[in-house]
Amino acid sequence: MMLLEMVSGAFPDRTAFTDGSNGQSLTYAQLFESATLRAATVQASGAARLVKLDVSNLGTPLCLFAGACAGVPFVPLNYRLTNDEIEALIHRVTPAYLVTQASRVSVLGAMKDVNAVSTTDFVDDVLHTETFSGEWSMDPEDVAVLLFTSGTTGVPKAAVLRHKHLVSYILGSVEFACAQQDDAALVCVPPYHIAGIAAILSSVYSGRHVVQLPNFSAQAWISLAVEHKVTTAFVVPTMLTRIIEELEEQPSVDLSHLQTLSYGGGKMPLRVIEKAMQVLPHTNFSNAYGLTETSSTIAVLGPEDHRVAVASSDETVRRRLVSVGKPLPGVELEIRDNEGEVLGPGERGEIYVRGEQVSGEYEGRGSVIDKDGWFPTRDAGCLDAGGYLFLEGRADDVIVRGGENLSPGEIEDVLLAHPLVKDAAVVGVPDEQWGEGVAAAVVANKGAKIVVEELQAFVKKHLRSSRVPQVIAVWEELPYNETGKLLRRVVKAELQNFVD
Amino acid sequence: MAELKTGARLQSAVCAGEVMVVTAPQGDVDITCGGAAMVAAGVAGGSGGEQVAIDAEQAVGIVIGKRYISQDESLEVLCVKAGEGSLAMGGNLLLLKETKQLPKTD
């Protein structure tokens, strides 16, 4: 809230947010003033949480800052979940002040300890009756955001992000008021994703205009980027794939104003990023790696790294194009084996991270940070000799075949290097002889015909024979969630059926 | 001067400057702006009747959005309102802390 007050003082009349779906916007002064008034309303309701269940719109920053102002954690929920799942999550955060789509107000508002209003009413302040006392808590230990993780296994966990984590991330990585008058950021990641929260905070502290795209389509993204002369944007890999495909069909589109394009949240295929750098030659690309529990980005592959990697003939340097770069200043990284021993360059293990922005805390479960401050990410990876971090999927995804640990990512990289393969996923399936066996699902390039034996021979040429998929299924597409995460569980289940 | 807590807001007694504490050392901290002890922000009147002038030796000023650290890095504050006075801890001027220029990722 403090950060917003500073920016509002510096650029009161600058446009802060524009809802790309209807053109509605707020200046920084309006955002600050509105957030304090809504904070008073939320306080008066007696709610302990400010919950938002809706697409990205002006209500998102309003709820985030009103919550901070009222000293009430902001809880953005995934509107794509089923009604039962949504009600179960709301039950966990009552008493709640709920800002949601008009169509949901009556049903959810009938729940115990839930005070529901429509986003439209909240933004337009139809309900405003309170005036704010003018004091907000400055306690860095206060919880700023509760974010439900996507929950790859079982019940979603609520990650706790305190003001100290978010402020540490912002102060460490963003120069106050650094944005130019005409700068604009296009935000298309959903508001219940850490990247959506980080994008709001970073843009606000830099004084940048944010254009929101609630429902992603490549065409809508390009239209808004052109209309608002967008200078910076963040996308997940699947979005970038579609944007680049669309741009190739519309060579007349001019995006030369797009200075920086960052991506993250999933594995970026080498071919896509190479193509993107050709199609958008004026744009600086950055790959950001982070987790909800680490207040977003902890490692970055910057624009210069991209250029050097693409231009290099040295395979070690070139490979860095699919790395996630180096840790941010203030963030330390280690790779450890199952026994907790720190591993050297080139050795695969679990990624551990330490730094002030790292929360590592879940509601009701406490902190999983060890006594020395290290957080186990459950992501598998390795560092190269130059300190570049390569992700190898989730630690839980490692395939244990006959006592040997195999990384799906390593095998996927080889499959993706085959000229006929557009996308690939490798998982472990039960195997009587080996305990677990390697299975793959691949997607062919348009018009290409894949022969499974040839693909197996291709993998064998590059990797040890234990890594050759014993089963390869050719699919139309792979299952991804809306934030670009491969749904490995789904792949696994389908491939198990296929094997049976 | 009393103990400082992270998140605390302090205002200058001699100019418009205001800071937020980012990290604070243990124990009592003597933090000054323009040579005069800083007071908790929002406390009306600041130094009361006695008007204090800025010490000319400590009048470089502070800039909004900049972070200032003590030499031993035990104290770090964020300037949230600009002022003409310079910050000091125990009589030693605080240093400007650079934000590392990072590729923008969000």
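Keep in mind it's a predicted model, so treat the numbers as computed, not measured. The sequence lines fix the lettering, A, B, ..., with proteins before strands; numbering per chain opens at 1. Both backbone and side-chain heavy atoms feed into the values below; hydrogens, waters and symmetry mates do not.
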Tell me, do A:I197 and A:P76 make a side-chain contact under 4.5 Å, heavy atoms counted? yes

B:V22 versus chain A, heavy atoms under 4.5 Å apart: side chain, backbone, both or neither? side chain

Where on A:Q259 is there a heavy atom nearer than 4.5 Å to chain B: the side chain, the backbone, both, or neither? neither

Non-hydrogen side-chain atoms of B:E73 and B:T23 separated by less than 4.5 Å: no

Does any heavy atom of chain B fall under 4.5 Å from the side chain of A:V167, the backbone, both, or neither of them? side chain

Please tell me if the side chains of A:F285 and A:M268 come closer than 4.5 Å, counting only heavy atoms from C-beta onward. no

Identify which of A:G196, A:A177, A:G290, A:P140 forms the greatest number of heavy-atom pairs closer than 4.5 Å to chain B. A:P140

Taking A:S359 for the side chain and A:V160 for the main chain, is one N or O donor matched with an acceptor at less than 3.5 Å? yes

State whether the side chain of A:R320 and the backbone N or O of A:Y388 hold a donor-acceptor pair below 3.5 Å, judged by distance alone. no

Is it the side chain or the backbone of A:M2 that comes within 4.5 Å of chain B heavy atoms, both, or neither? side chain

